[in-house]
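Since the structure comes first, as structure tokens, the remarks are kept for the end.
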Amino acid sequence: MPINDSANQRIADFDAALTLNGNQPPEGPLYTGVDLGTAYIVTAVVDRLGNPVAGALTHSKSSVRDGLILDYVGAVNILRQQVAMIRGAGFSLQAAAAAYPPGTVGRNAKAFGNVLDSVRLEVVGLIDEPTAASMVLGITDGAVVDIGGGTTGISVIKDGKVAYTADEPTGGIHVDLVLAGHYKIPDYEAEKMKRDPERQSEILPLITPVFEKMASIVRKHLKGHQVGTLYLVGGTSCFPGIEAVMEMETHLPVSRPDNPLLVTPLGIALSCLEQSHNFRNA
Ligand SMILES: Nc1ncnc2c1ncn2[C@@H]1O[C@H](COP(=O)(O)OP(=O)(O)OP(=O)(O)O)[C@@H](O)[C@H]1O
Ligand SMILES: [Mg+2]
């Protein structure tokens, strides 16, 4: 199933809202989602209809790694700046949700909520990342594969519920390492080169083995599950050509939104909207 236009439009609206340029705070309550990722910390804000109205994206500077908060104070500081900037633009943020990678349990899942508490956001709920992504994509069945900076989350969704999840330590960092080794450049330059559309067709053959490895990990996890479509999200899924490798290895039709990087953070804000109503009616 292809991604529908309204999902792509909502993601594009969130991308536009990130600049905070001339965004008018809407009437009514706002709902915030925070994605503490290995590569980026992203805050998304939606209105009561789920329309994106504000947001911020910052490099996470190693404060989060592979689904664990390594530098709690560092993560809080980045989020504090983001929230201050958005509040400073006139948006009154209160209710918020955080997400944790699939399989995260106990104290680590709670730590994600504590980061939000520290910046005076009221945590109405925690959600796992693939369920957040599926809310944006508007799907109730399929496999959501979130290839981020450090990890790849694999989830099978059936009838709107997560039927299986796994999180594997493979992501954009591994692509950067291969490029850095080949061109004899530092990792951060490799990361920039990877995002340059002018260089992507030249580097695709070099990094195809990394994508194949990711795809074989995904295939292993999906074995035995009835999956109709594989939905690719996460920043690493932006790279043109990754979807073809995924299709070849998994023998599944692959759908990718126009901008896979922003799906999970936006989904966390949508889950905040949904969970707020349950929270207040409880
Ligand atoms: N246009 C692009 N092409 C290829 N890779 C990209 C592009 N844009 C971003 N990336 C990569 O996407 C990764 C970040 O994606 P994302 O924000 O989904 O990860 P994260 O949530 O921070 O990490 P994780 O989920 O692993 O904790 C980085 O490795 C970055 O280099
Ligand atoms: Mg992520």
Side-chain angles (χ1 to χ4, degrees), residues 11 14-15 18 33-44 55-71 74-75 78-79 82 98-104 108-109 111-112 115 127-133 136 144-155 165-180 186-204 206-208 210-211 214 217 231-243 245-246 256-268:
I11 302 162
F14 176 42
D15 198 4
L18 281 174
V34 177
D35 186 356
L36 300 163
T38 303
Y40 302 112
I41 291 180
V42 187
T43 295
L57 180 148
T58 314
H59 200 277
S60 64
K61 302 193 186 91
S62 311
S63 48
V64 183
R65 183 87 196 246
D66 300 350
L68 288 166
I69 297 166
L70 295 188
D71 172 11
I78 291 173
L79 185 61
Q82 292 187 339
Y100 50 87
T104 308
N108 189 41
F112 283 79
V115 173
I127 186 170
D128 66 282
E129 291 172 351
T131 306
V136 177
V144 176
V145 175
D146 182 345
I147 314 180
T151 59
T152 293
I154 302 138
S155 317
T165 58
D167 205 41
E168 291 274 2
T170 178
I173 287 172
H174 302 97
V175 175
D176 303 344
L177 287 177
V178 167
L179 290 177
D187 298 3
Y188 64 88
E189 272 186 31
E191 198 274 335
K192 239 199 281 171
M193 179 196 278
K194 179 182 72 175
R195 285 186 287 109
D196 179 356
E198 303 270 297
R199 306 294 301 270
Q200 288 175 335
S201 57
E202 166 200 340
I203 63 180
L204 178 62
L206 294 171
I207 61 177
T208 293
V210 185
F211 293 159
M214 290 168 174
I217 291 171
Y231 296 91
L232 267 187
V233 300
T236 298
S237 301
C238 295
F239 198 94
I242 190 171
E243 70 288 3
V245 178
M246 216 29 100
R256 177 177 60 171
D258 294 343
N259 188 350
L261 175 71
L262 297 175
V263 175
T264 301
L266 179 55
I268 304 169

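Only heavy atoms go into these numbers, but all of them, side chains included; no hydrogens, no water, no symmetry mates. Index from 1, following the sequence. Atoms within each ligand, like the ligands themselves, are counted from 1 in listed order.
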With rounding to the nearest 0.5 Å, note down the distance linking CD1 in I78 to OH in Y40.
12.5 Å
Working to the nearest 0.5 angstrom, can you tell me the gap between S63 OG and I69 CD1?
8.5 Å
Identify, by atom number and element, the atoms of ligand 1 in contact range of L261, meaning under 4.0 Å from any of its heavy atoms.
15 (O), 16 (P), 17 (O)
Starting from atom 25 (O) of ligand 1, find the nearest protein heavy-atom neighbour and note its residue, name and distance.
T151 OG1, 3.8 Å
Logged contact type for T264 with ligand 1, heavy-atom cut-off 4.0 Å, is neither
Should you measure from each heavy atom of T38, which atoms of ligand 1 turn up under 4.0 Å away?
20 (P), 22 (O), 23 (O), 24 (P), 26 (O), 27 (O)
Which residue and atom name correspond to the protein heavy atom nearest atom 21 (O) of ligand 1, and how close is it?
G37 CA, 3.6 Å
For G234, the atoms of ligand 1 under 4.0 Å from one of its heavy atoms are 18 (O)
To the nearest 0.5 angstrom, please state how far the OG1 atom of T151 sits from the CG atom of D146.
7.0 Å
N or O contact, E129 vs ligand 1, cut-off under 3.5 Å:
no
Heavy-atom distance to atom 6 (C) of ligand 1: which of P169, G172, G235 wins?
G235
Mind checking whether D176 has an N or O less than 3.5 Å away from an N or O of ligand 1?
no
Please list the nearest protein heavy atom to atom 19 (O) of ligand 1 with its residue and the distance rounded to 0.1 Å.
G149 N, 3.0 Å
Tell me, yes or no, whether the heavy-atom count around E202 atom CD, taken from other residues, nucleotides or ligands under 6.0 Å, exceeds 12.
yes
Separation between CG (L232) and CD (E243), nearest 0.5 Å, reads 7.5 Å
Nearest non-hydrogen protein atom, atom 1 (N) of ligand 1:
C238 CB, 3.5 Å
of all protein heavy atoms, closest to atom 14 (C) of ligand 1 is A39 CB, 3.4 Å
Within-4.5 Å side-chain heavy-atom neighbours: I147 and F239:
no
Main-chain N/O of E189 paired with E191 side-chain donor or acceptor, under 3.5 Å:
no
Which residue and atom name correspond to the protein heavy atom nearest atom 9 (C) of ligand 1, and how close is it?
R195 CD, 3.6 Å
Quick one: nearest non-hydrogen protein atom to atom 31 (O) of ligand 1, plus distance?
E191 OE2, 2.4 Å
Let me confirm one number: the CG-CD1 distance from L177 to I207, rounded to the nearest 0.5 Å.
12.5 Å
Do the side chain of T236 and the main chain of G172 share a donor and acceptor less than 3.5 angstrom apart?
yes
